[in-house]
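Report on the following structure.
FYI, the numbering just counts along the sequence from 1.
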Amino acid sequence: MRYAELRTLRGRLYFTVEDLQDLLGIKLESARVLCSRYAKQGLFVRLKKNFYVLSETWVSFSMEELLRISNILQVPSYISLTTALAFYDITTQVQRNYFESVSLKRSVNFDIMETVFNFYKLQKRYYFDFIKEGDIFIATKEKAFIDSVYLYSFGKYKIDFASIDLDKLDKNKLINISEIYPEKTKDILRRICRI
């Protein structure tokens, strides 16, 4: 077993079959078989096709690293909804091992080692107003709230509005962002925020 050599991958957020091929100086197919075998043995965590993490690295990931993983699982995507609201300390809801993002491709759920990464598809016209915070793509706090209200207005998302500190949101920015949203979304936003 060449696991001692593989431990040099600990500093990486993730690695691929090609990275393993280069590290060990083996053929691509051998690296592919090794990844599959080590994932089955529990030494590697398979994030998605051709994206792996050492199991010992996975258990030590910080919140920021898990948010970065979320951005990688579905590209393009950005952290939003309750996860972003918690990041900005706007909600009292705490989601343990549960991360929410929005994406352009599809709604999908990744369950990796008892950690759930949930993606909600948004139409391209609603995919905006996010920033790069360090290495993380995340909605602004107002956009995270509006994403939540939008999905809620169509019965696709549950949110506890009582847990939101509305005073931490810029009401003018909420109004500006919501301009392009359907009337039912704006109605809920006006009712909750009294704007």
Side-chain angles (χ1 to χ4, degrees), residues 12-19 39 44-53 57-58 61-91 93-161 163-164 169-170 173-174 176-186 188-189:
R12 295 186 183 195
L13 188 63
Y14 65 89
F15 59 89
T16 65
V17 170
E18 292 79 11
D19 294 330
F44 291 174
V45 174
R46 183 180 181 272
L47 302 176
K48 66 178 187 175
K49 185 177 180 179
N50 200 21
F51 283 77
Y52 298 89
V53 174
T57 303
W58 177 264
F61 272 161
S62 67
M63 179 66 69
E64 182 180 321
E65 288 165 322
L66 290 170
L67 292 172
R68 287 171 59 203
I69 289 289
S70 187
N71 283 163
I72 290 163
L73 289 174
Q74 179 101 285
V75 177
S77 68
Y78 62 84
I79 308 297
S80 190
L81 309 164
T82 301
T83 302
L85 294 172
F87 178 87
Y88 292 119
D89 198 30
I90 291 173
T91 180
Q93 287 187 325
V94 177
Q95 300 173 308
R96 297 205 191 288
N97 299 326
Y98 191 82
F99 300 90
E100 297 171 318
S101 299
V102 297
S103 72
L104 288 174
K105 287 185 179 178
R106 60 191 171 136
S107 293
V108 67
N109 178 302
F110 293 86
D111 191 342
I112 303 169
M113 303 291 288
E114 299 180 6
T115 300
V116 175
F117 298 88
N118 209 357
F119 294 84
Y120 295 85
K121 181 182 178 185
L122 285 184
Q123 294 174 26
K124 190 171 185 174
R125 65 187 304 216
Y126 303 132
Y127 191 87
F128 66 96
D129 207 43
F130 56 93
I131 58 172
K132 189 171 185 185
E133 180 83 29
D135 289 331
I136 302 164
F137 290 100
I138 188 166
T140 62
K141 56 189 178 179
E142 290 79 13
K143 183 60 163 66
F145 183 67
I146 288 179
D147 285 345
S148 302
V149 172
Y150 170 69
L151 291 171
Y152 172 84
S153 71
F154 287 92
K156 296 181 179 181
Y157 189 71
K158 293 181 181 180
I159 183 168
D160 178 8
F161 290 112
S163 72
I164 307 293
L169 297 172
D170 181 330
K173 189 166 183 185
L174 287 173
N176 290 336
I177 292 172
S178 68
E179 296 264 331
I180 65 166
Y181 282 83
E183 203 55 44
K184 69 193 302 186
T185 302
K186 290 192 267 195
I188 293 170
L189 190 63

Go through it in stages, so that I can follow the logic: the residues are Phe99 and Met63, the test is side-chain contact (heavy atoms from CB on, under 4.5 Å), and I'd like the CA-CA distance, side-chain angles, deciding distance and then a yes or no. CA-CA 10 Å; Phe99 300 90; Met63 179 66 69; 3.2 Å; yes
Between Tyr127 and Phe130, does a side-chain contact (heavy atoms from CB on, under 4.5 Å) hold up when you go through it step by step? CA-CA 8 Å; Tyr127 191 87; Phe130 56 93; 3.6 Å; yes
Between Leu169 and Tyr88, does the side-chain contact (heavy atoms from CB on, under 4.5 Å) criterion hold? Intermediate values first, please. CA-CA 10 Å; Leu169 297 172; Tyr88 292 119; over 6 Å; no
Derivation of the side-chain contact (heavy atoms from CB on, under 4.5 Å) call for Phe110 and Lys48: CA-CA 9 Å; Phe110 293 86; Lys48 66 178 187 175; 4.2 Å; yes
Determine, step by step, whether Phe117 and Tyr98 satisfy the ring-ring contact (aromatic ring centres under 6.0 Å, His included) criterion, reporting the C-alpha distance in whole Å, the side-chain angles of both residues, the deciding distance to 0.1 Å, and the verdict. CA-CA 6 Å; Phe117 298 88; Tyr98 191 82; 9.2 Å; no
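The closest side-chain heavy-atom distance from Leu122 to Tyr120 is not below 4.5 Å. Counting heavy atoms from C-beta on, the side chains of Trp58 and Leu66 come closer than 4.5 Å. A 4.5 Å side-chain heavy-atom check between Ile136 and Ile131 finds every atom pair outside the cut-off. Using a 4.5 Å cut-off on side-chain heavy atoms (C-beta onward), Ile90 and Phe145 make no contact. Using a 4.5 Å heavy-atom threshold, the side chains of Asp19 and Arg12 count as touching. Looking at heavy atoms from C-beta onward, Leu85 lies in side-chain contact with Ile159 at the 4.5 angstrom threshold. Using a 4.5 Å cut-off on side-chain heavy atoms (C-beta onward), Arg68 and Phe61 make no contact. Annotation: side chain of Phe119 is not in contact with side chain of Glu100 (no heavy-atom distance under 4.5 Å).
What you find for Glu114 and Asn97 is that their closest heavy atoms are O-CB, 3.5 Å. The shortest heavy-atom contact between Val108 and Gln74 is CG1-NE2, 3.3 Å. For the residue pair Leu174 and Leu189, the shortest heavy atom distance occurs at O-CD2, 4.0 Å. Asp160 approaches Gln93 most closely through the heavy-atom pair CB-NE2, 3.2 Å. For the pair Thr185 and Val149, the tightest heavy-atom approach, listed with the atom from each and the gap, is O-CG1, 3.7 Å. Here the closest heavy-atom approach between residue Asp147 and residue Tyr181 is recorded as OD1-OH, 3.8 Å.
Taking CD1 of Ile188 as the reference point, atom OG of Ser148 lies at 11.5 Å (rounded to 0.5 Å). Considering CD1 of Ile146 and CD1 of Ile180, their distance stands at 9.5 Å, rounded to 0.5 Å. The CG atom of Leu73 lies 6.0 Å from the CG atom of Leu47; values are rounded to the nearest 0.5 Å. With rounding to the nearest 0.5 Å, the separation of CG in Asn118 from CD in Gln95 is 9.5 Å. The CG atom of Asn109 sits 9.5 Å away from atom CD1 of Ile112, with the distance rounded to the nearest 0.5 Å.
With hydrogens and angles disregarded, a donor-acceptor distance shorter than 3.5 Å links the side chain of Asn71 to the backbone of Phe137. Between the side chain of Ser103 and the backbone N or O of Arg106 there is at least one donor-acceptor pair closer than 3.5 Å. Looking at Asn176, its side chain never comes within 3.5 Å of a backbone N or O of Lys173 through a donor-acceptor pair. Side chain of Lys186 to backbone of Glu179: a donor-acceptor contact under 3.5 angstrom is found. One N or O on the side chain of Glu65 and one on the backbone of Ser62 form a donor-acceptor pair closer than 3.5 Å. Proximity of a side-chain donor or acceptor of Asp129 to a complementary backbone N or O of Ile177 within less than 3.5 Å is not detected. Between the Ser107 side chain and the Lys121 main chain, a donor and an acceptor come within less than 3.5 Å of each other. Proximity of a side-chain donor or acceptor of Thr83 to a complementary backbone N or O of Ile79 within less than 3.5 Å is not detected.
Cation-pi geometry between Lys158 and Tyr152 is not met: the NZ or CZ atom fails to fall both under 6.0 Å from the ring centre and inside 45° of the normal. With Phe128 as the aromatic partner, Lys143 meets the cation-pi criteria of under 6.0 angstrom to the ring centre and within 45 degrees of the ring axis.
Classification of the Tyr150-Tyr126 ring pair by plane angle, with boundaries at 30° and 60°, yields tilted.
Ser163 and Thr91 are linked by a side-chain donor-acceptor pair at a separation below 3.5 angstrom, with hydrogens and angles left out of the test. Side-chain contact check for Ser101 and Ser77: no donor-acceptor pair (N or O, by modelled atom type) lies under 3.5 Å.
At most 12 non-hydrogen atoms from other residues, nucleotides or ligands lie less than 6.0 angstrom from NZ of Lys156.
When ring centroids are compared, Tyr52 and Tyr14 stay outside the 6.0 Å threshold.
Using a cutoff of 4.0 Å between basic side-chain nitrogens and carboxylate oxygens, Lys141 and Asp170 are not scored as salt-bridged.
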